[in-house]
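Structure first, then comments.
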Amino acid sequence: MEHSNAALARQFEQAADILEILGENPFRVRAYRNAARVINDQPQPITDRVREGFDPADLPGIGADLADKIREFTTTGHIAWIDDLRTQIPAGLLELLRLPGVGPKKVRALWQELGITDLDGLRAAAEAQKIQALPGFGKKTEQNILKALSSDFLQERRFLRPVGKQAVAPFLELLAAMDTVDRFEIAGSYRRGRETVGDIDVIITARETDAPAIMDALVAHPSVQDVLVHGPGKTSVVTELDIQIDFRVVAPESWGAALLYFTGSKAHNIVLRDRARNRGWKLNEFGLFDGKQCIASKTEAEIYDAFGLETPPPELRENRGEFEAAEQHNLPRLICIEDYRGNLHAHSTWSDGKQTLHDIITAARDEFHYSYWAATDHSKSLTVANGLDEDRVLQQIDEIAKLRETVPGIEILTGIECDILEDGTLDLPDEILSRLDVVIIAIHSKFNLSRKAQTERMLRAMDNPWITFVAHPTGRLLTRREGYAIDIERVIRHAAERGCFLELNASPWRLDLNDIYCREAAAAGVPITINTDAHHSRDLNNLEHGIAQARRGWLRADQVINTLPVPQLRDAIRRTKLA
DNA sequence: GCCGTTTTCGGCCCGACTGTTTTCAGTCG
Ligand SMILES: Nc1nc2c(ncn2[C@H]2C[C@H](O)[C@@H](COP(=O)(O)OP(=O)(O)OP(=O)(O)O)O2)c(=O)[nH]1
Ligand SMILES: [Mg+2]
Ligand SMILES: [Mg+2]
Ligand SMILES: [Zn+2]
C-alpha cells in the first residue's frame, strides 16, 4: 500500500510542477522537490509523528512554511494552497510535462500561445503543423513531440536490477573489447545498489580523440533501438528491452571525478558541489578545481579527502546523513558479501522448489561455501506450493537427519516457512513448530485486510513462542504490486520487544525490508536476516542484491544474523524461542 | 522556500547536447 509519506510527497512534487509551469522562481520549485525527497526518505509516517507533537521543520529542507502545510495535511488530508494552485492551470498540462524533451518552458508556451491544455490538443496542433511556427520551436521539435506522443511515456517505468544488468551486458562486452577504452564501470542508481533502476549509467574513460569513435560504436550496436543523444562526451540509447542506457566519456585523469558525478545521487552531488563553492573551489565531472588548478580528479577517495571526508560507499550516497558521518570519519563498516555464512530461508522439491534438498544443499556447500542451510519449505495452507502438513514436516525432519550424514561439511537446520492465517494464528500447531530449528512466518494470503487488521494479524503471529523471524515483512513485489497495508513501525517495535529477527528477502522482486526500514529496524536493535528465498541453487546469486539493499540500510555485519558462525547462530535462534 | 560562526538577505551545482538561434534557451544527466 502507498505510504502516507508518499501521498504527502506527491502533493509537493505536483506543486513544484505547477509552479514551474507558472514560471515561478526555480529555487522555490527546488525547495518543494527537495522537501518531497526528504519526506519520502522518512521511515515513519510524518503525519503520525506530527500528531504526536513532532515539528516537521526539524527535518532538513523543511522550514516554517512547509511545516505549516504538512500540519494542515495532517489534520485535513489536504493542502488548500496546493488545491488552489491546481485550479491555476489546466489539469492536462501536467501530463505534457512527462513527454521526453518537453519541459515546463515548452508546456507554458504551448498553453499560452496555442491554448493547448492536454495531450489530444497537443497531438492535433502538431499534426496541423502549428507548433513549428512558435518562437523557439521548429520542424524538428514538432517531429520530436509527435514521436514522444507515440511512445508510452506516461508511467515512469523502473526496472529490476537483474533486468538492467542484462540490458547493459552486451555494451559492457563491446567496451571491454575496445582497446581505445581505458576504464569503464556501471554508475548511477545501479552502483548505489538501488532496488530498482530507472536506467543504466555507464562511465567510460578514454583519450579525447578516441571518444567519438567509442560513442559511434556503442550507438551502432545491434541491440540499440533508438538513439536519444549522440555526442562525444555523452550519449544515450534505448535498447530493445526499452531500457535507456546513458554513457559518459571523459579523459582518464578524470576517472574519479566522473565516477563520483555519475554515481550520484543528484542530492549527494549537490551537497558536495555546494561544499566546494563554500571553500572557493568548483567540483564537476572533470575534477575539483581551485581556479584553474586541479586539486583532485583521479580517484573518488582523492576528492573526498580534499574535503576532509571519509569516502562514503556508493550505497550511502543519498544525502541521508552520510556527510555528517564522513566528516567525523564515522561511516559504518558496512556488511559485505564475504561476511555471509549461510541461508535461513529457501525451498526444495518438498514444496515449490526446483531442486531436491540434497542437490540444493550440496550446491550451497560446494559452489557458495555456505556453513549452514535451513530447509524452510512452505506450510500446508499454501496448497498451490504443495505446502507441508504435520506428517510431511516430520518426514522432512527424518530426511534431514539422513542428509546430515550424506552431505557433511554444512550444518543443516530444520525449518518451515509457516503461513500466517487470517486471524494471526499459524498454519501448523505448536507441537510441530517446537520441533523445528527455524520457524519463519509469512503472509501469503488475505492481502486486502485493513491496515489495522493486517498489523494485528502480524503482531499476533509474532507472539507465537516458536517463531524465528518474519519473512518479506511488507509483501511487496517490485514493479508488480504494492505491499499489503501494514504498520511496519509497530512490527519493528514488536520484534524488538519480543526478540525475533526481521528478514531482508534478497529476491530481486522483493528486497523486503527495504533500505529505510532495515536502517530503522537495526536502530531499534532488531537483528536482520538476509536470505535469497532460493527455489534453485542459481537463485543464491541474488544475494548480491540483498547485500546491496542491506548496505543502503547502513547495516554492519554484526547487525545481520547470517554473518554468525554456527554456534552463535544456534544461540541467537534459541533466544528467539519464548518457551 | 530554505538556510546561516563571515550572512536573517541574498545566495541556491554544474555541464553536455539539441535545436533554434546569430549567441543561447531548454532539457536532461
Ligand atoms: N550534479 C548533478 N548530477 C546529476 C544531476 N542529475 C543526475 N546527476 C548524476 C547523478 C545521478 O546519479 C547520475 C545518473 O543520473 P540518473 O538520472 O540516471 O539518476 P540515477 O541513476 O541516480 O537514478 P535512476 O534510477 O536512473 O532514476 O547523474 C544533476 O542535476 N546534477
Ligand atoms: Mg540512472
Ligand atoms: Mg541516467
Ligand atoms: Zn519463501
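The figures here come from the full heavy-atom set of this structure, side chains too, leaving out hydrogens, waters and symmetry mates. Fair warning: this is a prediction, and the values are worked out from it, not measured in the lab.
To the nearest angstrom, P of dC13(B) lies 12 Å from CG of L283(A). Between the CG atom of N34(A) and the P atom of dC3(B) there is a distance of 9 Å, rounded to whole Å.
Minimum atom distance to the side chain of D65(A) is reached by dC2(B), of the listed dC2(B), dC13(B), dG15(B). With distances taken from any side-chain atom of R248(A) to the nucleotides dT20(B), dG29(B), dA16(B), the minimum falls on dA16(B).
Going from the P atom of dA16(B) to that of dT21(B) covers 24 Å, rounded to whole Å. A gap of 23 Å separates the C1' atoms of dG1(B) and dT5(B), to the nearest Å. To the nearest whole angstrom, the two P atoms, one in dC13(B) and one in dC3(B), are 14 Å apart.
Here E24(A) contributes atom CD and L85(A) contributes atom CG; the two are 9.0 Å apart, rounded to the nearest 0.5 Å. One distance of note links CG of L228(A) with NZ of K234(A); it measures 10.5 Å at 0.5 Å rounding.
A sub-4.0 Å separation between OP1 or OP2 of dG15(B) and a side-chain N or O of K282(A) is present. Between dC13(B) and N284(A), no contact under 4.0 Å exists linking OP1 or OP2 to a side-chain N or O. In terms of phosphate contacts, S236(A) brings no side-chain nitrogen or oxygen within less than 4.0 Å of OP1 or OP2 of dG29(B).
Donor-acceptor pairing under 3.5 Å, judged by distance alone, is present between the side chain of N25(A) and the base of dG1(B). Interface remark: the Y261(A) side chain does not form any donor-acceptor pair with the dG15(B) base, using a distance-only criterion of under 3.5 Å. Below the 3.5 angstrom threshold, one finds a donor paired with an acceptor across the side chain of R273(A) and the base of dC14(B).
At a cut-off of 3.5 Å, with distance as the only test, a side-chain donor of Q549(A) or E195(A) sits close to an acceptor on the other residue.
In this structure, dT8(B) forms no base pair with any nucleotide, since neither Watson-Crick nor G-U wobble geometry is met with both distances under 3.5 Å.
Between W81(A) and Y32(A), the ring-plane angle classifies as parallel under the 30° and 60° cut-offs.
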